[in-house]
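One structure is given here, and the rest of the page talks about it.
Ligands are counted one by one from 1 in listed order, and the atoms in each one are counted from 1 as well. Along the sequence shown, the residues carry numbers beginning at 1. Given the structure is predicted, the values throughout are model-derived calculations rather than measurements.
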Amino acid sequence: METLNEIYHEIVEEKKVLIDQSFRDSVATIDKKGKRNFLFPKKPKGKLYNLRTIASLIYLAIFFTLPFIKSGGQPIFLFNVLERKFILFGQIFWPQDFFIFAIGFLASVVFVIVFTVVFGRVFCGWACPQTVFMEMVFRKIEFWLDGDAQKQKQLKAMPWNAYKIRKRGVKMAVFYAISFLIANFFLSYIIGMEEVEKMITEGISSHYRTFLSLIGFSTVFFFVYYWFREQACIVVCPYGRLQGVLLDKKSMVVAYDFVRGEPRGKLKKAVIDTNQGDCIDCFACVRVCPTGIDIRNGTQLECVNCTACIDACDAIMDGINKPRGLIRIDSEENIEHARKNKFNWRLGAYSSILVLLVAFLAYLLLSRKDVDATVLRTPGQIFQTQPDGRISNLFNIKLANKTRKNIPMTLKLENVKGEISIIGNNLTVPAESYFQSPFFVKIEKGQIEKRKTKLLIGVYEGDKKIETAETTFIGPAD
Ligand code: SF4
Ligand code: SF4
């Protein structure tokens, strides 16, 4: 006797045959002659779209506020690739922090891979700046200026007359103005808000490079959001191109429940044919898709997991009194086996790895020191006997101050009694600079039992110990 699972597999195999796979040979935005198919997605509506709007508002508020927030007179985020100055969460990273960047970068790559394997492309639809600005800023403005999809199509088909010129002109001006605004903030993450403000207050002539960068970025953003649009995700984005190798049948993605939905057919036919699935072939899910695909064909490279099709299909299911979730976030394997429970061991294990990676990245950032200290005994010197009978060694300390303030430092012997005398009596490390100074360590002869004594020197900023440097103290052999 066949088990329930076997029966399901038969249904699945039978239904898979029905699904034409030829859609994978082309992308929805390129026609047979190789020309761009411009898309006019319908305005999405629904619970997830509202949630996405709220998430985007928070996202945009953070994006436009962060450049103004300072800690100790410096921005808390700066990615100045030109001068190799990086600030993350208020901490300045120097070239000698490169290893943190390298390890952090590797950990981030692993994070992205593991996250994608488990949760699919949820980042693309909900947190990628390209999608957030395209769908939640420019697309909304487009709906407001030009109306919904049908009106936009009519406007495109219209011959060039005064009305169309005015409409297009207004849209271009508004899109460029917003691109210019975004470019200002984008640039402030690279060179700092102060530099952008200087250009505004002191004039373009003395800051023409900043101005040219601003115009360059504005033009690129305008081009991307006015014309290029979803092509950025489909053709350019390397993360999007990786999906084919990262996703598998267990990944949680926006998916169509083909077991429940097939064979699809019009609503009228469903009344006669009781074997018909729940999909009434209304194309509501396709009409809202910003990348122009039909998610009923299965997971596709173009799907950015924006969830607009879920809202559209749920509204249809409500209208025909069927349960919601014909399109939902689920794994292909769960759908095939009609499993309700979305939690599996892999989800748990991979999520734990993600938490560990985030903790590791946070540790790397938090454990980073403001001052790096290296203590070395001065080469060519052994020991000296002081007039008071103490034995002294000459050392050299090299300090790198990664902050934007001068830091006075002190040195203390941690494991032996003795005295440290800094030559010049000053150990203040200037902001964002290297500093070095020779110093003597003087120890009572009675404390030295062998030729080489391990020495621990504490490097302090006020009462806070920055580092303990380990070196050796050379004494008389007897
Ligand atoms: S298929 Fe659905 S989730 Fe994917 S891009 Fe289209 S509307 Fe968004
Ligand atoms: S919106 Fe739902 S019912 Fe309509 S075509 Fe898409 S999957 Fe089928």
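- Within ligand 1, counting atoms from 1 as listed, the ones closer than 4.0 Å to a heavy atom of Asn305 are 3 (S), 4 (Fe).
- In terms of protein heavy-atom proximity, atom 5 (S) of ligand 1 is nearest to Val304 N, 3.4 Å.
- Residue, atom and distance of the protein heavy atom nearest to atom 2 (Fe) of ligand 2 are Cys313 SG, 2.4 Å.
- For atom 6 (Fe) of ligand 1, the nearest protein heavy atom (residue, atom name, distance) is Cys289 SG, 2.3 Å.
- Near Ile293, the atoms of ligand 1 lying under 4.0 angstrom from a non-hydrogen atom of the residue are 1 (S).
- The side chain of Ile327, and not its backbone, has at least one atom closer than 4.0 Å to an atom of ligand 2 (non-hydrogen atoms only; side chain from C-beta on).
- One option in Pro44, Gly125, Cys303 has a heavy atom closer to atom 4 (Fe) of ligand 1 than any other, and that option is Cys303.
- Arg296 places no side-chain N or O within donor-acceptor distance of the main-chain N or O of Phe258, the cut-off being under 3.5 Å.
- The backbone N or O of Gly298 sits less than 3.5 Å from a side-chain atom of Gln300, completing a donor-acceptor pair.
- None of the N, O or S atoms belonging to Cys306 lies under 2.8 Å away from atom 2 (Fe) of ligand 1.
- Coordination check, Cys282 versus atom 6 (Fe) of ligand 2: failed, since every N/O/S atom of the residue sits at 2.8 Å or beyond.
- Contacts between Arg296 and ligand 2, counted as non-hydrogen atom pairs separated by less than 4.0 Å, involve the side chain only.
- A salt bridge between Glu336 and Lys249 is present, with a side-chain N of the basic residue lying under 4.0 Å from a carboxylate O of the acidic one.
- Contacts with ligand 1 closer than 4.0 Å are made by backbone heavy atoms (N, CA, C, O) of Thr307 only, the side chain lying farther away.
- At a 4.0 Å cut-off, at least one heavy atom of Met317 sits close enough to ligand 2 to count as contact.
- Residue Thr291 approaches ligand 1 through these ligand atoms, each under 4.0 Å from one of its heavy atoms: 5 (S).
- Atom 2 (Fe) of ligand 2 does not have Cys309 among its coordinating residues (no N/O/S atom, backbone or side chain, under 2.8 Å).
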